[in-house]
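Just so it is clear, the model here is predicted, and its values are computed rather than measured. Lettering of chains follows the sequences in order, A, B, ..., and the numbering in each one begins at 1.
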Number of protein chains: 2
Amino acid sequence: MQISAETGHIEETPYQVERQVGFLLRQANQRHVAIFSNIIGDKLTTTQWSALSKLQQNQPCSQNQLGRETAMDVATIKGVVDRLVKRGLVATVPDMSDARRVVLSLTQQGEEVVTENRQAARAATEETLSPLTSGERMIFLELLQKLC
Amino acid sequence: MQISAETGHIEETPYQVERQVGFLLRQANQRHVAIFSNIIGDKLTTTQWSALSKLQQNQPCSQNQLGRETAMDVATIKGVVDRLVKRGLVATVPDMSDARRVVLSLTQQGEEVVTENRQAARAATEETLSPLTSGERMIFLELLQKLC
DNA sequence: CCATTCTTGTTTGTATGCGAATGACTATCA
DNA sequence: TGATAGTCATTCGCATACAAACAAGAATGG
C-alpha cells in the first residue's frame with residue numbers, strides 16, 4: 001500500500017498470488033525436492049536426508065531433539081524416524097537415565113548411506129542454485145536465513 | 001569446493017544440512033504457513049487461498065488448468081478443490097464442449113471469502129518479509145523468482 | 001474414418017506437516 | 001513428600017504433495 005503523491009489517496013497494489021512470497025517459497029521448495037529426488041533417486045527424501053545427516057552430526061540424540069534440530073514437528077519426526085528404522089538406517093535404544101526417551105543413532109548401513117550420498121546432496125544444492133550467479137547465491141542465502 | 005591459495009589443494013566445504021538451500025526453503029515456507037494460519041485462522045490454508053485467489057482471476061477454469069496455474073499436481077488440486085466444493089466456496093459445472101472437463105467457478109460465498117481475506121493475505125506476506133528491509137525484499141523476491 | 005496419441009479427471013499408495021489429545025515419566029518447588 | 005508443571009513419545013485427524021495406473025473423451029494424422 002502506498003500513498004499517491006498526486007491524489008493523496010491510498011493506492012492498492014494489485015494482489016497477485018503468484019507474486020507473493022508464500023507462493024514463491026512453496027514453488028521453489030517444490031523445485032528443489034524434484035531436483036533432489038532426480039539426483040538421489042527414490043532411496044531418500046529431502047526430509048529423510050536432513051534427519052540422517054543431522055543425526056550423524058549429533059549422535060546420539062533423542063527423537064524429539066532431532067526433530068527440533070531439523071525443524072520437524074514431533075508427529076512428523078516420528079514418521080520419518082519410523083521409516084528410517086524400518087529400513088535399517090537408524091537404530092533406537094531406550095535411554096538408561098530417562099525412561100521416556102528413545103536414543104537414536106545411525107546404524108553401520110546408515111553411516112554408509114550418509115557418506116555415499118553427501119556428494120549427491122551437494123549436487124542437488126548446486127543445481128537448485130544454478131539459476132543464480134555466485135554473488136547472487138551469497139545474498140540469497142543470507143536473506144533466506146533471515147526468514148527462518 | 002574451492003582451491004586453497006596456500007596449499008593448492010581442493011578444500012571441501014564442510015557439509016551442514018542447516019546451511020543448504022533445501023533445508024532453508026523448507027523452514028522459510030513453514031514459517032510463512034504458520035504466520036498465514038495465525039492471521040487467517042483455520043478457515044483457509046495457504047494452498048486453498050492460492051486456489052481461490054487464482055480462480056477469481058481466471059474464472060471460469062478447468063480443474064487441471066487451475067492446478068497448473070497454482071503449481072499443484074493433478075492429485076493435489078483435486079483434493080484442494082474437493083474440500084473447497086464441500087465447503088460451498090467453489091462450484092463445478094460440466095463443460096458443454098468437452099465432456100471430460102469440469103468447469104470451476106467461485107460461488108457467491110467464495111467471492112466473499114476472497115474479498116474478505118485479501119487484506120489478511122497481504123498482512124501475512126508483510127509479516128513473513130518483516131525481517132527484511134524494503135530494499136532487501138525487492139532483491140530477495142527477484143532472486144527467489146529465478147529459483148521457481 | 002480409424003488408430004494412435006494426448007488430455008482430463010480419478011484413485012491408490014507413500015511421505016510430509018501440523019494441531020491436539022493422551023499417557024508415562026521427570027523435575028521442581030513449596 | 002506431594003502436588004504441579006514440564007517433557008517425551010505416541011496417536012488421531014486433516015491437508016498437502018507426488019508417482020503411477022486407469023478410464024473416458026478429444027485431436028490428430030494417415
Side-chain angles (χ1 to χ4, degrees), chain A residues 22-23 25-38 40-52 60-87 90 92-104, chain B residues 22-23 25-38 40-52 61-87 92-104:
Chain A
F23 192 89
L25 281 174
R26 180 172 129 267
Q27 253 193 285
N29 190 44
Q30 276 174 14
R31 175 167 163 273
H32 171 73
V33 170
I35 289 172
F36 187 92
S37 84
N38 272 340
I40 304 278
D42 287 338
K43 305 171 293 190
L44 241 42
T45 66
T46 53
T47 319
Q48 290 168 358
W49 170 253
S50 292
L52 286 181
C61 179
S62 85
Q63 182 175 286
N64 280 7
Q65 181 63 28
L66 183 60
R68 252 172 263 127
E69 283 169 4
T70 51
M72 294 182 213
D73 198 61
V74 283
T76 303
I77 190 67
K78 172 167 178 32
V80 174
V81 166
D82 280 357
R83 284 180 283 272
L84 292 175
V85 167
K86 200 195 303 184
R87 282 164 52 184
V90 167
T92 66
V93 222
D95 189 333
M96 302 305 171
S97 62
D98 189 336
R100 294 166 304 179
R101 227 172 276 193
V102 177
V103 178
L104 306 178
Chain B
F23 192 89
L25 282 174
R26 183 172 127 267
Q27 253 193 283
N29 190 44
Q30 276 173 18
R31 174 166 164 275
H32 171 72
V33 170
I35 289 172
F36 186 92
S37 84
N38 271 340
I40 305 278
D42 288 338
K43 305 172 290 190
L44 241 41
T45 66
T46 54
T47 320
Q48 290 168 359
W49 171 252
S50 293
L52 286 181
C61 179
S62 83
Q63 183 176 286
N64 281 6
Q65 181 63 28
L66 184 60
R68 253 172 261 126
E69 282 169 5
T70 51
M72 294 182 213
D73 197 63
V74 283
T76 303
I77 191 66
K78 173 168 175 33
V80 174
V81 166
D82 280 356
R83 284 181 284 273
L84 292 175
V85 167
K86 200 195 302 183
R87 281 163 55 183
T92 66
V93 222
D95 189 333
M96 301 307 173
S97 62
D98 188 337
R100 295 168 301 177
R101 227 171 275 192
V102 177
V103 178
L104 306 179

Spacing of [X] atom [atom1] relative to [N] atom [atom2], expressed in whole Å:
X: B:Q27; N: C:dT16; atom1: CD; atom2: P; answer: 16 Å
X: B:K78; N: C:dT11; atom1: NZ; atom2: C1'; answer: 9 Å
X: A:D42; N: C:dA15; atom1: CG; atom2: P; answer: 10 Å
X: B:W49; N: D:dT16; atom1: CH2; atom2: C1'; answer: 19 Å
X: A:N38; N: D:dC18; atom1: CG; atom2: P; answer: 13 Å
X: B:R101; N: D:dA27; atom1: CZ; atom2: P; answer: 8 Å
X: B:I35; N: C:dC18; atom1: CD1; atom2: C1'; answer: 16 Å
X: A:L84; N: C:dA15; atom1: CG; atom2: P; answer: 10 Å

Grab the two heavy atoms, one from [X] and one from [Y], that are nearest each other, plus how far apart they are.
X: B:Q63; Y: B:L104; value: CA-CD1, 3.8 Å
X: B:S50; Y: B:T70; value: O-CG2, 3.8 Å
X: B:D98; Y: B:R100; value: OD2-NH2, 2.8 Å
X: B:C61; Y: B:L66; value: SG-N, 3.5 Å

Name the nucleic acid region contacted by [X], choosing base, sugar-phosphate or nothing; use a 4.0 angstrom heavy-atom cut-off, strictly under.
X: A:V80; result: sugar-phosphate
X: B:S62; result: sugar-phosphate
X: A:V102; result: sugar-phosphate

B:D98 vs B:T76, nearer the 5' end of DNA chain D by closest nucleotide: B:T76
Residue whose closest nucleotide on DNA chain D lies nearer the 5' end, B:S97 versus B:R83: B:R83
Measure from the side chain of [X], starting at C-beta and using heavy atoms only, and say which of [options] lies closest.
X: B:A99; options: D:dA26, C:dA24, D:dT11; answer: D:dA26
X: A:R100; options: C:dC25, C:dG9, D:dT11; answer: C:dC25
X: B:A75; options: D:dA9, D:dA19, D:dA17; answer: D:dA19
X: A:Q48; options: C:dT16, D:dT11, C:dG9; answer: C:dT16
X: A:T45; options: D:dT16, C:dT16, C:dA24; answer: C:dT16
X: A:Q30; options: C:dA15, D:dA17, D:dA9; answer: D:dA17

Atom CG of B:N38 with >12 non-hydrogen neighbours under 6.0 angstrom: yes
Of A:K86 and A:V74, the one whose closest DNA chain C nucleotide lies more 5': A:K86
Of A:R87 and B:A34, the one whose closest DNA chain C nucleotide lies more 5': A:R87
Within residues 63-70 of chain A, residues whose heavy atoms come under 4.0 Å of DNA chain C: none
Any donor-acceptor pair under 3.5 Å from A:R83 side chain to A:Q48 backbone: no
Atom pair CG/NZ of A:N64 and A:K78 - distance to nearest 0.5 Å: 11.0 Å
Charged N-O contact under 4.0 Å between A:K86 and A:D82: no
Phosphate OP1/OP2 of C:dG17: any A:T47 side-chain N/O under 4.0 Å: yes
